[in-house]
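Just so you know, these numbers use all the heavy atoms, side chains as well, and skip hydrogens, waters and symmetry mates.
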Amino acid sequence: MIVQRVVLNSRPGKNGNPVAENFRMEEVYLPDNINEGQVQVRTLYLSVDPYMRCRMNEDTGTDYITPWQLSQVVDGGGIGIIEESKHTNLTKGDFVTSFYWPWQTKVILDGNSLEKVDPQLVDGHLSYFLGAIGMPGLTSLIGIQEKGHITAGSNKTMVVSGAAGACGSVAGQMNENSHIILCGQISQYNKDVPYPPPLSPAIEAIQKERNITRERFLVLNYKDKFEPGILQLSQWFKEGKLKIKETVINGLENMGAAFQSMMTGGNIGKQIVCISEEISL
């Protein structure tokens with residue numbers, strides 16, 4: 001079977017702006033047979049996210065994500081449907097997700113690398129598992145719960161510096177004794193600077209004078225809270241308390257354009273690329 005995939009065509013450089021031409025679409029042969037423990041899946045939705053900018057460099061600058069390789073298939077968050085299975089816990093018709101889903105129309109994967117998802121949690125909006133009812137939503141929820149120091153009735157104001165994207169649009173719509181949660185800083189991702197970027201002397205003086213603290217947050221350190229977090233986000237969505245926004249582009253051929261748009265603020269809410277909407281088997 002011949003399928004389409006997207007590979008990394010070139011690197012923008014640590015101080016360069018990514019463009020659609022950094023990616024290239026090509027055709028590749030997919031074996032007709034799968035091995036024990038494997039599944040063949042059809043890709044429905046793919047995610048483009050700011051952290052991926054680091055993966056375009058030869059060195060990501062961190063130990064928890066690896067760089068994409070030139071002329072190799074790109075991967076990231078994805079949702080798909082199983083068309084064939086030789087895995088004991090996964091069957092044809094199951095919807096599954098992975099944080100390392102190849103940018104490919106169809107793909108053969110190790111079933112153990114996939115997580116089954118329940119469409120009822122998102123009222124059938126499967127792409128929400130890549131956004132507000134997925135990793136970005138968990139980042140917002142757990143970040144506020146674990147690092148926000150916010151309690152009901154405390155009369156505190158929360159400011160979200162990037163409230164139009166996938167995380168900020170969920171997190172919420174500087175006084176003295178403020179606390180800053182550092183989680184992503186997309187404006188710095190096209191620059192070869194350390195994270196978090198150093199403060200200027202003037203800002204450092206204000207920080208000390210007003211007793212403002214800042215602390216890094218990485219959601220991957222809280223995997224034990226993922227399952228209850230997803231259930232909580234789903235409940236709020238179903239109750240109408242959580243409003244979900246998406247920007248959707250259609251077609252695998254537009255992955256590069258979607259990534260470039262996301263990096264320049266072209267999206268409101270989660271940037272999603274729809275690869276295949278047809279879910280009948």
Side-chain angles (χ1 to χ4, degrees), residues 1-31 40-80 96-110 113-114 127 130-131 134-136 165-167 184-195 218 220 247-267 270-276:
M1 181 192 310
I2 301 298
V3 300
Q4 294 177 315
R5 71 176 187 176
V6 173
V7 301
L8 184 64
N9 188 50
S10 59
R11 301 188 191 277
K14 285 191 173 183
N15 292 296
N17 295 320
V19 294
E21 290 72 25
N22 291 134
F23 302 93
R24 180 179 79 248
M25 194 166 76
E26 62 184 27
E27 293 186 337
V28 65
Y29 174 75
L30 191 71
Q40 178 185 298
V41 294
R42 176 154 46 90
T43 305
L44 299 178
Y45 298 99
L46 292 173
S47 171
V48 291
D49 300 277
Y51 81 89
M52 293 176 171
R53 175 61 184 85
C54 304
R55 302 192 69 188
M56 300 183 79
N57 299 331
E58 290 186 63
D59 179 5
T60 64
T62 182
D63 58 359
Y64 63 88
I65 51 174
T66 58
W68 289 328
Q69 300 302 314
L70 290 172
S71 297
Q72 297 298 311
V73 66
V74 175
D75 65 343
I79 295 279
V96 289
T97 185
S98 171
F99 195 59
Y100 301 100
W101 195 289
W103 289 9
Q104 199 162 304
T105 51
K106 293 188 178 186
V107 64
I108 294 173
L109 297 171
D110 179 354
S113 70
L114 300 171
S127 59
L130 299 177
M135 193 64 72
C167 290
Q185 207 161 1
I186 190 172
S187 65
Q188 305 299 309
Y189 285 0
N190 292 329
K191 302 175 183 178
D192 187 13
V193 295
Y195 184 83
L218 178 62
L220 297 179
T247 298
V248 181
I249 294 180
N250 294 316
L252 186 72
E253 69 277 9
N254 290 315
M255 291 298 300
F259 184 84
Q260 181 180 1
S261 175
M262 178 272 303
M263 288 295 297
T264 53
N267 59 298
K270 185 73 186 74
Q271 178 67 68
I272 294 290
V273 180
C274 177
I275 308 302
S276 171

Between Tyr51 and Phe99, ring centroids under 6.0 Å | yes

Separation of Trp101 CH2 from Leu46 CG (nearest 0.5 Å) | 8.5 Å

Heavy-atom neighbours of Glu58 CD exceed 12 at 6.0 Å | no

For the atom pair OH (Tyr29) and CE (Met1), what is the distance rounded to the nearest 0.5 Å?
-> 8.5 Å

Is the backbone N or O of Lys106 less than 3.5 Å from a side-chain atom of Arg42, with the two atoms forming a donor-acceptor pair by type?
-> no

Out of curiosity, Ser276 OG to Ile79 CD1, how far, rounded to the nearest 0.5 Å?
-> 13.0 Å

Spatial distance of atom SG (Cys274) from atom CD1 (Ile249) [nearest 0.5 Å] = 11.5 Å

According to the interplanar angle, ranging from 0 to 90°, do the rings of Phe23 and Phe259 count as parallel (below 30°), tilted (30 to 60°) or perpendicular (above 60°)?
-> perpendicular

Could you go through the side-chain contact (heavy atoms from CB on, under 4.5 Å) check for Leu109 and Tyr100 one step at a time?
-> CA-CA 10 Å; Leu109 297 171; Tyr100 301 100; over 6 Å; no

Note: Arg11 and Met56 closest approach over all heavy atoms is NH1-O, 2.9 Å

With side-chain contact (heavy atoms from CB on, under 4.5 Å) as the test, would you mind laying out the steps for Ile275 and Gln104 before giving the verdict?
-> CA-CA 9 Å; Ile275 308 302; Gln104 199 162 304; over 6 Å; no

Between CE of Met262 and OG1 of Thr247, what distance do you get to the nearest 0.5 Å?
-> 11.5 Å

For Ile272, does its backbone N or O pair with a side-chain atom of Ser47 as donor and acceptor, under 3.5 Å?
-> no

Hey, does the side chain of Gln40 reach the backbone of Ile108 with a donor-acceptor pair shorter than 3.5 angstrom?
-> no

Any idea which heavy atoms bring Trp103 and Gly76 closest together, and the distance?
-> NE1-N, 3.8 Å

Walk me through it: do Met263 and Asn17 pass the test side-chain contact (heavy atoms from CB on, under 4.5 Å)?
-> CA-CA 9 Å; Met263 288 295 297; Asn17 295 320; over 6 Å; no

Here the pair of heavy atoms bringing Gly16 nearest to Arg53 is O-NH2, 2.9 Å

Give the table of side-chain donor-acceptor pairs shorter than 3.5 Å for residues 65-74, with sequence neighbours excluded, one pair per line with atom names and distance.
| residue | atom | partner | partner atom | Å |
| --- | --- | --- | --- | --- |
| Trp68 | NE1 | Asp75 | O | 3.3 |
| Trp68 | NE1 | Asp75 | OD1 | 3.0 |
| Gln69 | NE2 | Pro67 | O | 3.4 |

What are the two closest heavy atoms between Gly78 and Leu130, and how far apart are they?
-> N-CD2, 3.6 Å

Kindly say whether Gln4 contributes a backbone atom to a donor-acceptor pair with the side chain of Thr105 at under 3.5 angstrom?
-> yes

Before giving the answer on side-chain contact (heavy atoms from CB on, under 4.5 Å), spell out for Val273 and Leu252 the whole-Å C-alpha distance, their side-chain angles and the decisive distance to 0.1 Å.
-> CA-CA 7 Å; Val273 180; Leu252 186 72; over 6 Å; no

Is the side chain of Lys270 donor-acceptor paired with the backbone N or O of Val48 at a distance under 3.5 Å, no angle test?
-> yes

Please check if the side chain of Gln260 supplies one atom and the backbone of Ala20 the other of a donor-acceptor pair under 3.5 Å.
-> yes

Minimum heavy-atom distance between Val19 and Asn22, given as atom pair plus value | N-OD1, 2.8 Å

Over all heavy atoms of both residues, which pair between Asp110 and Ser113 is shortest? Give the atoms and the distance, please.
-> O-OG, 2.6 Å

